[in-house]
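Lettering of chains follows the sequences in order, A, B, ..., and the numbering in each one begins at 1. Predicted, not measured: the structure shown is a model, and the values here were computed from it. These numbers come from the heavy atoms of this one structure, side chains and all, not from hydrogens, waters or symmetry mates.
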Protein chains: 2
Amino acid sequence: MARRRNTVTIREVAEDAGVSLQTVSRVINDEPNVRPQMRDRVQSSIDRLGYVPSLAAQRMSGSRSYLILAINDRERTLADWRERTGTDWVDQMLLGGTLTCSKNGYRMIVELVDTHADHVERELGATVSALQPDGVILTPPHSENTQITRLLAERNIPVARIGSVEEGPGIRLTMGDEGAAYAATKRLIELGHSKIAMIAGPDQYSLSAWRITGWKRAMEEHGLATDGLCEKGDFGYESGTQAARSLLHRHTNLTAIIGSSDQMTLAALEVARDRGLHVPRDISLISFDNTPIVRFTQPPLTAVDQPIAETVSIAVEHLINLHKAPPVNEIIDVPAELVERSSTGPAPAAE
Amino acid sequence: MARRRNTVTIREVAEDAGVSLQTVSRVINDEPNVRPQMRDRVQSSIDRLGYVPSLAAQRMSGSRSYLILAINDRERTLADWRERTGTDWVDQMLLGGTLTCSKNGYRMIVELVDTHADHVERELGATVSALQPDGVILTPPHSENTQITRLLAERNIPVARIGSVEEGPGIRLTMGDEGAAYAATKRLIELGHSKIAMIAGPDQYSLSAWRITGWKRAMEEHGLATDGLCEKGDFGYESGTQAARSLLHRHTNLTAIIGSSDQMTLAALEVARDRGLHVPRDISLISFDNTPIVRFTQPPLTAVDQPIAETVSIAVEHLINLHKAPPVNEIIDVPAELVERSSTGPAPAAE
DNA sequence: ATGAAAGCGCTAACAA
DNA sequence: TTGTTAGCGCTTTCAT
């Protein structure tokens with residue numbers, strides 16, 4: 001069975017318009033050296049025939065692939081999806097990414113990449129060879145994986161690294177972590193809290209440290225102690241339970257906790273409840289992420305909203321070179337916002 | 001600046017192995033007529049050089065594109081993402097789709113397509129021309145959009161239609177809607193309920209009717225009336241509020257509601273609470289979707305879990321022809337499961 | 001400002 | 001069983 005030709009090619013457009021292939025190509029790519037009259041003629045043929053250039057052919061002839069790769073941690077992402085934890089990180093990436101991509105004729109492809117050292121080079125290398133993307137967006141913890149950044153640099157593929165300020169190839173974007181932690185802490189201080197603890201994320205993620213820094217800065221500015229008030233988790237629920245238990249055990253006069261993820265803060269809420277503490281009357285809680293679920297908990301959590309969509313959108317814009325002359329050494333910091341709900345309130349009167 | 005060659009091509013592999021391009025091609029595509037010894041030789045060159053075929057080139061030479069398109073309703077999806085309603089439909093599609101795709105060397109690309117009649121043909125036509133996917137997965141309401149199915153059929157692109165049983169091109173998959181509604185209703189009847197209402201989805205979605213059918217069948221089998229017990233919504237929260245109000249207003253002796261989406265059921269929960277009804281003591285609630293948020297509401301909702309990941313995975317398998325001889329006229333029904341939580345309980349004693 | 005020719009990396013059809 | 005040839009649809013030279 002002969003596979004019928006079923007797409008319009010550049011040749012048909014050229015014939016229809018009575019011009020050469022090149023002229024059509026020039027029109028498609030908005031290149032100079034085409035008279036307006038000619039351009040109109042060709043464009044109308046394109047429209048009438050419904051011609052759309054084949055991505056594959058464009059890529060083949062050495063032009064762009066019009067593909068942007070968004071890379072996420074395989075293990076964590078799969079776990080989130082399988083357990084349906086309600087993390088909408090990927091959705092927000094798609095929101096910011098696909099919209100900006102499609103505005104410019106690009107597509108975004110989500111790829112999951114293992115952090116495991118043996119695989120990463122082969123795995124990502126294969127993906128890049130197959131797809132030949134025009135740009136790659138790296139998210140933590142991949143943003144700081146030198147194996148990955150080196151591989152991409154070798155292949156001359158533009159990179160946007162989200163959540164990293166480390167020197168290295170590509171542009172760097174952060175989501176206001178330090179500032180947000182500072183603002184959250186400050187807000188709690190305004191509410192009269194002075195014993196404010198932090199459940200931080202894992203060291204593997206740079207942003208964990210930035211948030212600690214923001215929290216410490218606010219505390220110190222107000223002459224408040226931070227010793228023993230920081231516990232580390234891995235962003236997951238279980239680790240939040242451990243951290244909250246240990247904090248509440250050590251500090252019976254704790255009146256506020258900032259959790260570096262929704263899951264950990266949710267766990268803290270549960271732990272507080274188990275100990276008979278009422279939120280926010282006895283203890284205030286602020287979370288990081290602002291995933292959908294925190295609006296539905298009892299009480300709904302005050303949370304730092306991660307501007308994922310906006311950040312990814314900006315990353316895409318830079319990758320496809322909308323901003324000519326990329327500020328190579330600059331770091332783009334997209335500010336995060338604090339969304340106040342009912343898990344924060346005035347500090348309880350001192351005993 | 002000369003763009004440096006930075007990928008290994010089939011030619012280099014051929015030279016390295018001392019064979020022709022064609023032999024390498026045969027090895028790559030696992031074709032017959034290559035002696036094991038030759039195959040090994042070529043394979044080791046491939047491995048050593050880290051060669052991966054270029055998708056674009058493969059596509060160009062008339063073979064597959066190794067791309068599967070997953071199409072969702074643009075407006076609804078964007079709204080869900082922007083409002084962060086917690087719908088993880090796309091995530092579940094990615095979970096089922098990308099895993100099965102990547103196992104077979106394919107990629108899945110998520111596309112948002114407007115339902116609006118004027119656009120759809122141009123829009124989807126352009127995407128298909130550009131990407132030339134090997135298969136397309138359609139979700140409601142696109143699954144039954146004849147403009148779309150016709151377009152894809154004309155271009156000989158294999159289609160999987162989720163949530164449609166209508167005659168037409170491609171394979172059809174459903175997610176056990178009728179059976180699940182039947183099972184949910186039956187469960188409520190077992191719990192002693194007899195006045196069981198339904199908040200259905202919009203007519204635009206076939207599955208809305210299937211769920212009504214399942215509910216009615218269970219009711220009738222037990223000699224229970226259904227008159228005036230079905231209200232229609234649009235799956236959104238607002239419409240759920242309207243529907244629940246109207247139902248509770250008309251039927252003061254209502255003891256159970258089945259909602260055709262999480263958002264509508266959440267709205268019903270709120271309405272019930274406003275009227276001083278305790279869930280599940282005074283009224284039981286069962287939802288459809290089982291998105292992450294329903295585990296965190298008070299009380300957590302009993303819900304019909306939509307097997308999205310599994311369904312999409314099966315769709316992909318068929319599209320890439322893992323199951324030779326596709327059962328063209330068969331409908332694949334992936335059963336949904338009822339997840340019991342705390343929004344269902346025994347019917348209150350009759351007054 | 002426009003066109004002709006060459007080639008991107010691969011596979012299909014054919015030849016050996 | 002293996003190799004050779006001719007494209008796929010497009011963009012790059014380079015001519016005109």
Checklist entry - Is the phosphate of C:dC10, meaning OP1 or OP2, less than 4.0 Å from a side-chain N or O of B:R59? => result no
Between [X] and [Y], is any pair of side-chain heavy atoms under 4.5 Å apart?
X: B:R107; Y: A:T127; result: yes
X: A:V113; Y: A:N72; result: no
X: A:I332; Y: A:V334; result: yes

Next on the checklist: Judged by each residue's nearest nucleotide on DNA chain D, which is more toward the 5′ side, B:Q132 or B:R39?
Outcome noted: B:R39
Using whole Å, what does the distance between atom [atom2] of nucleotide [N] and atom [atom1] of [X] come to?
X: A:E15; N: D:dG9; atom1: CD; atom2: P; answer: 12 Å
X: A:R41; N: C:dA1; atom1: CZ; atom2: C1'; answer: 13 Å
X: B:N33; N: D:dT1; atom1: CG; atom2: P; answer: 5 Å

Checklist entry - Any ion pair linking A:R161 and A:E166 (charged N to carboxylate O, less than 4.0 Å)? => result no
Using atom types as modelled, flag every donor-acceptor pair under 3.5 Å from a side chain in residues 21-36 of chain B to any protein atom, sequence neighbours excluded.
from, atom 1, to, atom 2, distance (Å)
B:T23, OG1, B:S20, OG, 3.2
B:N29, ND2, B:S25, O, 3.0

Next on the checklist: At under 4.0 Å between heavy atoms, how does the protein contact nucleotides 10-16 of chain D? Give one character per nucleotide, 5' to 3', with B, S or -.
Outcome noted: BBB----
Next on the checklist: Which residue in the set B:L94, B:L78, B:L112, B:D91 passes side-chain contact (heavy atoms from CB on, under 4.5 Å) when paired with A:L94?
Outcome noted: B:L94
